[in-house]
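As structure tokens, the structure follows; a few thoughts come after it.
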Amino acid sequence: MATPTNQSTQQKTEHNADAAPTGTTSPDALAKQFRPIDHESKVWDRWINAKVFHADPSRVLNGAGKPYTILIPPPNVTDRLHLGHAFNNTIQDVLTRAHRMMGFEALWMPGTDHAGIATQAVVEKRLRAAGELKGSLKEAFTRDAFVEKIQAFKDEYEAVITGQLKRMGCSCDWDRQRFTMDPQCAEAVREAFFRLFRDGLIYRGKRLVNWDPVLQTAVADDECFDEEIDGNFYYLRYPLVHPHGASTQPEREAGTLPPGDAVPVTWSELRARGWDVAEDAAHADEHQAWVTVATTRPETYLGDTAVAINPHDPRAKALRGLCVELPLVGRVIPIVEDGYVVLPEALARTDEEKADPKAKFATGFLKVTPAHDANDHELYQRHKRVMDEFAGGTGKALINIFAPDATISDKHGWNDIGGAHLFVGLSREEARRKVVEAFKKHAVGSQTGAAPLFAKSVPYRHSVPHSDRSKAVVEPYLSDQWYVKVTDQRLAKAANEALHTRELSFHPARYAKSYEQWHDNIRDWCISRQLWWGHRIPVWSGDLFDRPAEHVKPLTDKIREWEAANRIAVFKRSGKDPAGLTFNEQYERYTDLSICVRREDDVEVISFLEQARFTRDPDVLDTWFSSALWPLSTLGWPHATPELAAFNPTSTLCTAREIITLWVSRMVMFNRYFMPKVGTKAEGGRLEAQGLGHGPAPFKDVFIHAVIQDGQGQKMSKSLGNGVDPLDIILSHGADAMRFTLCHMATQTQDVRMPVDLVCPHTGEVFAPKFVTNKDGYVVPASIQSSPKDPSKKMVTGYGVASGEVKASAEMPLAKNTSSKFDLGRNFATKLWNAAKFAMMILENAEKTVNAEKAGGTPAPQAAVEASSLSLVDRWMLSRLARGVADANTALREYQFSVYAQCVYDLLWRDFCDWYLEAIKPTVEKDAGQRAVLRAAIDTMLRLLHPVMPFVTEVLYEAVSRHPRREIAGLSLTPPRTSALLASAGWPQAAPSLIDEAAEREFEAMRTLVTAIREVRAQHTVPFKRKITLHTPPGAPDLAAGRDLAMTLAGLEAISTTAPTGPSVAFSVDGLDYRLSNLKDAAEAVDTSAEKARLTKVVADLTKSVETLDKRLSNPGYADKAPPHMVQQSKEQLEKARRELAAAQTELATLG
RNA sequence: GGGCGAAUAGCUCAACGGCUAGAGCACUCGCUUUACAUGCGAGGGGUUCGGGGUUCGAAUCCCCGUUUGCCCACCA
């Protein structure tokens, strides 16, 4: 594996110009400034060389370590990773590294996804842009040649993605990296398909799918997007006829109705049947009657095989037994009654019906095109018998009028063309225009003065599904597809059971609901895709008829033999067939056989089938089929590998909410189906499940994290081009800073916005880009931006490139992104660097002295330091550390990553740097116990921070490790397990006894006093270096051990119990009146106006507090019902507030 | 249409029925202070979207409304 490179030459130059040596990890020479780029690749190499990320299943299997496993959600090889991925992977790395340190055998399994349709579309687009592909893909390339192109693209992007993850510091087990189409995964896919096929859970069916006429493939619902388009409602008149006319039953069944067969129904006749519609009263008696349908897609009328009316429609009765004749086509189709049809507003019976948005434009007559509309298809299922009878036989009412490219075709299931030849060969759009034209031209019936077939059209704006990849309008299309019967209880129900038994849980828990509801309403999963890039379906189809009997016998014998040997499985027909249908029965009943061959390398079977003119299905599997097997395939299934035994089920899955159904659900179903019940022994090296869905869930926890949006609140996406490359951020802020900031943002519910700036490639300047609104209404950075200092210099943006509007060039380079959001992490890394450096400087100085004193002698082993022997500030620090460890543990256990980040941030910055380091400065050189605490504190914090900031902590750990360490009783810091690296060091363990509440109280009292003094100093602009005197009032609490700390931290020269003689300033703490003197030289007057203003505000605030507390306490319900400690607390607060208010008022009065 | 969220300081977000609603950034004032100006000290800034209710007590729970995001379904 290549190590991450891509260092900025610009930064390198700066770095070399720097006089001080940087980039070394020697303890004596930690660089003055922390430059991430100087360390990241070196640290990475140390990790890789030491193999610290490599998980060893034998340690799990022999009980030496518990497993902790995370499977990476394999990124699509379609594009570089963006910040959303960085976020997702940071979380996974935090969990993996923390558990590794906690002693788990941690495996983070890396890999990428071939992303079938997406990748094929991207490559196709690229080839077209490069001029290598013109016209139809299938004419320009052979399957193999095109797959080779995609393969090359995949190799390129897989390397890019892998490089990005490594630069981020992801501690994946890179030796185990997988790809969803590599041989190991392919074997798992093949085996899984075979078993489902054999077990009757895969079937072939004719279904309406979303058809992409450009890519000529079925697309899943999630591969579509809705777009509003301006269309029209067309109102078309269908002439009424009597059903049978002169035609014979055989003629009808053959679909060869003689012209003029249908006998028109006249208005008078219709009226006689009870038709009483005011607006039709004027129609001439002898004219042919009609019904009006409303449609947005008039061209589909060619495939109509019924007209439907609501049974409650008052007109329904008059129409019973009548039909309509499709204009031009001449097809006579029945009028069926179905409750699905919406009554027009005028006929609606209830308010609810009136409120139906469809009622506004409905005519009450619905044209039914079962082959081209999902609802119509369902309606057809309910009226199959009558519709098929009219259409001439079973299944004949499904009339497909489109070729795969969505042109009108008479070659794909439409035979009764009649007078509609003029439409054949037209595109959907042209056909629509021509149909409307024809309806305008022709009349209902042949009488002079008859009304035109076209009634009217009204503009209508509605959303229409488009294919994500090609942007073409999706056509509902009837086609042969393979399905997984996920509705079977061994799949969907088993997935929900995992939730009910708590084997599987979601964090946050509310996502369990959508998971569960999805399974309750699941539909069978269409797994075939008409693509070239993917796992090809391992089914060969052929025909056993039309062969000499002497050929059939050897064939059937072989097939029976191989089926018995589990080398092939023969497709069992639908569930309506009796179970256990024999091969002979199938053979007798069906003209075609579908045979799944278990192994790709079973040459004997495959060549035999191909010689027998069986052909392999050209389709490939839906990408999610192989993704669903990820927990199995990556660990070696179907073989009984040590990895599978050790690491499946895995521990935690980290993903975004959008793929709970697409991916999470399917992994659960497949793992439960394919894995044997826990405790089952493997036989013959292969794992055979009972096929009941009783296996384990593939993971215990599913952590669903927030989504990173751009500055406009839009999701980062490829198509929008608003993704930010993590490498840009690593360049501007460093990997640790990026990781820390992302982790800090990982709150539970709230999606986070990430506004980004641009870095000018000409000047290095950071600036906010100019935004534009694109044609889809999204606010995006303009494709071309000007350098802020020199507007003649231009650059292009990621959006510009992604949208295809511009290309990067030498004159107009691609501008990198950055964001001041990451300053948080960068500043924190710097703070850590400086704090550690300072701590080590202190330790080093002391060690020199100690070594000089003990020259020659071997130091005696020192006993562990007991907290009780330590000073207040040390006991306080140990107490804070113990709490920090506990808080971090809780946060990580509960997947509260921002809490974890915040808790280590406060521990290091607020507690350790702001107070501890400042407090120990005067004493640490002489206090060996204090130095032991200092050493332990920095060590503990490096460990706590390592999961989120691995690079900087690893560099510092090496330096810190060189300082001798004394044990602190109760604080366990075990050394690295497999190397000298922090990455394998033990997670800190702090005994609860280290939490010292007395020390915390005492320290807090001191801190309150110090803060109050600092406030006075700021108020009176007392220079930092000026030492002042504190006068404590009678009855003030004894500062005790805090006395010296207060003097150090507040800049006191003395603490006196007598009142000041000269000028002084008062302040109050806890209602006690303290004074400070010697604030200024005698010549300078103390400015009382600022002091007055401050006190006035204090008085106002306190008055309000007293009021609030008084009101609370005087409420009779409060004393009665609130818990006593709350009441007590309020009383104390009130007392304190009153004391402080009095003190402030007195002081204000004094100032006059 | 069904489901799930969100609305809190100028911005981005915390606060899981009870400390005077917090943090980072931004802002104001002061500071070359011997680890760190990517810093240090201090400060200002809130009718917690609106309206009802439950409760001794509501940012938090319930109801209604407004705005907004996502998922699913549907779209004659």
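To find a chain, count down the sequence lines: A is the first, B the second, and so on, and within it residues start at 1. The basis for the numbers below is simple: all heavy atoms, side chains too, and nothing from hydrogens, waters or symmetry mates.
Among residues two or more places apart in sequence or in another chain, the ring-ring contact (aromatic ring centres under 6.0 Å, His included) test is passed with A:F233 by A:F361, A:Y460. Residues forming a ring-ring contact (aromatic ring centres under 6.0 Å, His included) with A:H383 (at least two apart in sequence, or on another chain): none. For the ring-ring contact (aromatic ring centres under 6.0 Å, His included) test, residues two or more places apart in sequence or in another chain that qualify with A:F828 are A:F740, A:Y905.
With respect to A:E475 and A:R297, a salt bridge is recorded, a charged nitrogen being found less than 4.0 Å from a carboxylate O.
Aromatic rings of A:H39 and A:F34 (six-membered ring for Trp) have centroids within the 6.0 Å cut-off, being under it.
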With sugar-phosphate taken as primed atoms, P, OP1 and OP2 and all else as base, the protein-contact string of nucleotides 29-37 of chain B at under 4.0 Å (heavy atoms; B, S, -) is ----B-BB-
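Counting only heavy atoms from C-beta on, A:V342 has its side chain closest to B:A76 among B:U20, B:A42, B:A76. Across B:A76, B:G18, B:C19, the shortest atom-to-atom separation from the side chain of A:L366 is found for B:A76. With B:U20, B:G24, B:A76 as the candidates, the nucleotide lying closest to the side chain of A:R910 is B:G24. Comparing B:A76, B:C70, B:U20 against the side chain of A:R657 picks out B:C70 as the nearest.
Secondary structure note: stems in RNA chain B built from 3 or more consecutive Watson-Crick or G-U wobble pairs under 3.5 Å occupy B:1-7 with B:66-72, B:10-13 with B:22-25, B:27-31 with B:39-43, B:49-53 with B:61-65.
Of the possible donor and acceptor atoms, one in the side chain of A:R1017 sits under 3.5 Å from a partner among the backbone N and O of A:G1051. With hydrogens and angles disregarded, a donor-acceptor distance shorter than 3.5 Å links the side chain of A:D338 to the backbone of A:Y340. Here the side chain of A:R1139 pairs a donor or acceptor atom with the backbone of A:D1070 at under 3.5 angstrom.
Contact of A:Q33 with B:U38 (side chain to base): a donor-acceptor pair of N or O atoms is detected under 3.5 Å. At a cut-off of 3.5 angstrom, the base of B:C4 holds no donor-acceptor pair with the side chain of A:Q517.
Taking atom C1' on both nucleotides, B:C61 is separated from B:A23 by 26 Å, rounded to a whole Å. When the C1' atom is compared between B:G1 and B:G18, the two are found 41 Å apart, to the nearest whole Å. Nucleotides B:C62 and B:A7 have their P atoms positioned 14 Å apart, rounded to a whole Å. B:U8 and B:G22: their C1' atoms are spaced 11 Å apart (whole Å). Comparing B:G24 with B:A9, their C1' atoms sit 12 Å apart, to the nearest whole Å. Only the P atoms considered, B:G52 is 15 Å distant from B:A59, to the nearest whole Å.
Here A:R826 lies in heavy-atom contact (under 4.0 Å) with a base. In this structure, A:Y340 reaches the bases: a heavy-atom distance under 4.0 Å links it to at least one base atom across the strands shown. A:T1108 comes within 4.0 angstrom of nothing in the nucleic acid, heavy atoms only.
For the segment residues 1119-1127 of chain A, residues with any heavy atom less than 4.0 angstrom from an atom of RNA chain B are, sorted by number, A:K1121, A:A1122, A:P1123, A:M1126.
If A:E658 and A:W915 are placed on RNA chain B by their nearest nucleotide, the residue sitting closer to the 5' end is A:W915.
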